[in-house]
Undergrad: 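Have a look at this one before I ask anything.
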Number of protein chains: 2
Amino acid sequence: MAFREVFRMKKHFDYSALIGESNPLLRYPELLDAAIDEFSAKSCEDASLNEILKKSGMSKGSLYHHFGDKFGLYVAMMDIIVQKKLSYFYPLLSEELDTDDFFGILKRVMKATLEFVLADERMHHLSVRVMEESAEFRKRAFEFFVPDYFQALRAYIRYVMESGQIDTRYPPELVAKFIEIVLANLDKLVTDPEPDKRLETANQVLDIIQHGIAGK
Amino acid sequence: MAFREVFRMKKHFDYSALIGESNPLLRYPELLDAAIDEFSAKSCEDASLNEILKKSGMSKGSLYHHFGDKFGLYVAMMDIIVQKKLSYFYPLLSEELDTDDFFGILKRVMKATLEFVLADERMHHLSVRVMEESAEFRKRAFEFFVPDYFQALRAYIRYVMESGQIDTRYPPELVAKFIEIVLANLDKLVTDPEPDKRLETANQVLDIIQHGIAGK
DNA sequence: AGTGGTCTAGACCATGCGGTCTAGACCTAA
DNA sequence: TTAGGTCTAGACCGCATGGTCTAGACCACT
């Protein structure tokens, strides 16, 4: 029995076991839901573990056994959210899209983002909020499943600008940030209760990005 | 001496004494600065009073005497921030602006917002974050110094649309929200260290809103 | 000098936090 | 059956929180 403590002397929990197929959170749907609820309502630091445990019915012992600490639970949850978000963008890759048709692609990206937002607004908020956490925190959290959307977007925009589809007097970084911001706030722009109207509004947002709001 | 307790039985603190010229926070600049620091870094709920006290050197007794509770301090601070923000927009009213020149006015609004952002980014974040707090919280907090920017912006845009300056196929609410979002995220768009470049970038942002990013 | 009232300092309180620890249920292999 | 190992439940710990309370400094007035 006394050996127990020796074996417990792992001390350094292996966070990398939390991501991918072995993610233990996949086996506890109520815990996942409670975590998304709590972490999307408050920042990672301020979210209450006890609240999550109460909501999900899991015991503290189990949680610490599987996830090591609060941060482990957060990482496991973000892993699932990132996978979920990516699942909305994978179909895009298999479609036959002309990579030189920037606004055509942006339209599909907008639609995929919209669908992700509508599927679970809490996840959308989490995926957006992560980017506003401190750089130090992001580095620690993304050590495991780095999803560098934005780097890719910027590179692509820089490439597209050469084709003349985007006004060259704007710095590519500015254009990229502008688009990021609009996508990150899509939930505030598209609020119509009718599903049909939503895509229409999203496309109007795209039109604004493309042509501006000025009248003829 | 025992009467002391009776007199203390106010219990209901008069928050309305916290706003305007009698705002006690005006007499404690270090406290104001510490409060802005803490409240801008965390949400109102999660900000630490003890941290604010430590930073500012004020004692707990004094703080509760003057502000009633944590919320009182928050209200007093927001009052000062709102006044500060408004001070950047008052000059706009005295300028001779053609109210029918929407984009001319938007340019001035953009410039004033930029100046406010640059003057104190923490204040900018606070003034933006307030709008994302729960409706219940906002109602309680704004009972005292209601600054309904956005209602006004929407009404103005609806008015301007009739003049044909804005493409009428967009719903006025969408246009208003779009502009709100861009202004709220101006700090992310304008990051150039050179002051001269900043206004230039801000004007480019305005151009994007007006004409879009598409090339000729 | 004495009094009523305001303001300050900080000890103190209950509560809730993240995290640890242990007793024991449960499973599997010998 | 038994021993090793995994997992669960929840009591418990130290700590930080927002808020209360009191002793007394200070001030203005009589």
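Proteins come first, then strands; the chains are lettered A, B, ... in the order of their sequence lines, and each starts at number 1.
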Undergrad: Which pairs count as ring pair (Phe, Tyr, Trp, His ring centres under 6.0 Å) when at least one residue sits in residues 31-52 of chain A, sequence neighbours excluded?
TA: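 Residue pairs passing ring pair (Phe, Tyr, Trp, His ring centres under 6.0 Å), neighbours aside: A/Phe39-A/Tyr74.
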Undergrad: Looking at DNA chain C, which of residues 33-60 of chain A put a heavy atom within less than 4.0 Å of it?
TA: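 Here the set is A/Ala47, A/Ser48, A/Leu49, A/Asn50, A/Lys60.
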Undergrad: Under the rule for side chain to side chain donor-acceptor pair (under 3.5 Å), what residues qualify as partners of B/Asp37, not counting sequence neighbours?
TA: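 B/Arg122.
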Undergrad: Between the two end axes of the helix from C/dA1-D/dT30 to C/dA30-D/dT1, each built from 5 base pairs, what angle do you get to the nearest 10°?
TA: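 Rounded value for the end-axis angle: 10°.
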Undergrad: For the pair made of OH in A/Tyr74 and P in C/dG18, what is the distance, rounded to whole Å?
TA: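 About 15 Å, once rounded to whole Å.
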Undergrad: With a 4.0 Å cutoff (strictly under), does any side-chain N or O of B/His66 reach OP1 or OP2 of C/dT8?
TA: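 B/His66 to C/dT8 OP1/OP2: side-chain N or O found under 4.0 Å.
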Undergrad: Given atom CZ of B/Arg27 and atom C1' of C/dC7, what is their separation to the nearest angstrom?
TA: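 Checked: the CZ to C1' distance equals 10 Å.
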Undergrad: By the ring pair (Phe, Tyr, Trp, His ring centres under 6.0 Å) test, which pairs, at least two apart or in different chains, include something from residues 189-210 of chain B?
TA: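 Found none.
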Undergrad: Find the distance B/Leu63:CG to D/dG18:C1' and express it as a whole number of Å.
TA: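 That distance rounds to 11 Å.
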Undergrad: Write out all pairs satisfying salt bridge (charged side-chain N to carboxylate O under 4.0 Å, His left out) with one or both partners inside residues 60-77 of chain B, taking only residues at least two apart or from two chains.
TA: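 Passing the test, one end in residues 60-77 of chain B: no pairs.
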Undergrad: Tell me the interatomic distance from A/Tyr64, atom OH, to D/dA11, atom P, rounded to whole angstroms.
TA: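 Taking atom P of D/dA11 as the reference, OH of A/Tyr64 is at 17 Å.
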Undergrad: Excluding sequence neighbours, so at least two apart, what forms side-chain contact (heavy atoms from CB on, under 4.5 Å) with B/Leu206?
TA: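 Scan of B/Leu206 (side-chain contact (heavy atoms from CB on, under 4.5 Å), adjacent residues dropped) gives B/Leu106, B/Lys107, B/Met110.
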Undergrad: Just the rounded figure in Å: distance from P of D/dC7 to CZ of A/Phe67.
TA: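 Answer to the nearest Å: 11 Å.
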Undergrad: Taking it one step at a time, do B/Tyr28 and B/Ser62 satisfy side chain to side chain contact (heavy atoms under 4.5 Å, CB included)?
TA: CA-CA 11 Å; B/Tyr28 302 99; B/Ser62 307; 5.9 Å; no
Undergrad: For a quick test of reading the model: is some side-chain N or O of B/Tyr28 closer than 4.0 Å to OP1 or OP2 of C/dC7?
TA: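 Negative; the distance criterion is not met.
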Undergrad: How about B/Phe71 and B/Tyr15: are their ring centres within less than 6.0 Å of each other?
TA: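 Yes, the ring centres sit under 6.0 Å apart.
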Undergrad: With sequence neighbours left out, write down each residue that passes side chain to side chain donor-acceptor pair (under 3.5 Å) with A/Glu21, or none if nothing qualifies.
TA: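 Partners of A/Glu21 by the side chain to side chain donor-acceptor pair (under 3.5 Å) criterion come out as none, since no residue qualifies.
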Undergrad: What is the distance, to the nearest angstrom, from the NE2 atom on B/His65 to the P atom on C/dG10?
TA: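 Checked: the NE2 to P distance equals 17 Å.
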Undergrad: Please set out all donor-acceptor pairs under 3.5 angstrom arising from side-chain atoms of residues 175-190 of chain A, sequence neighbours excluded.
TA:
residue, atom, partner, partner atom, Å
A/Lys177, NZ, B/Thr191, OG1, 3.4
A/Glu180, OE1, A/Arg154, NH2, 3.4
A/Glu180, OE2, A/Arg154, NE, 3.4
A/Glu180, OE2, A/Arg154, NH2, 3.3
A/Asn185, OD1, A/Lys188, NZ, 2.6
A/Asn185, ND2, A/Ile181, O, 2.8
A/Asp187, OD1, A/His124, NE2, 3.3
A/Asp187, OD2, A/His125, NE2, 2.9
A/Lys188, NZ, B/Glu132, OE2, 3.4

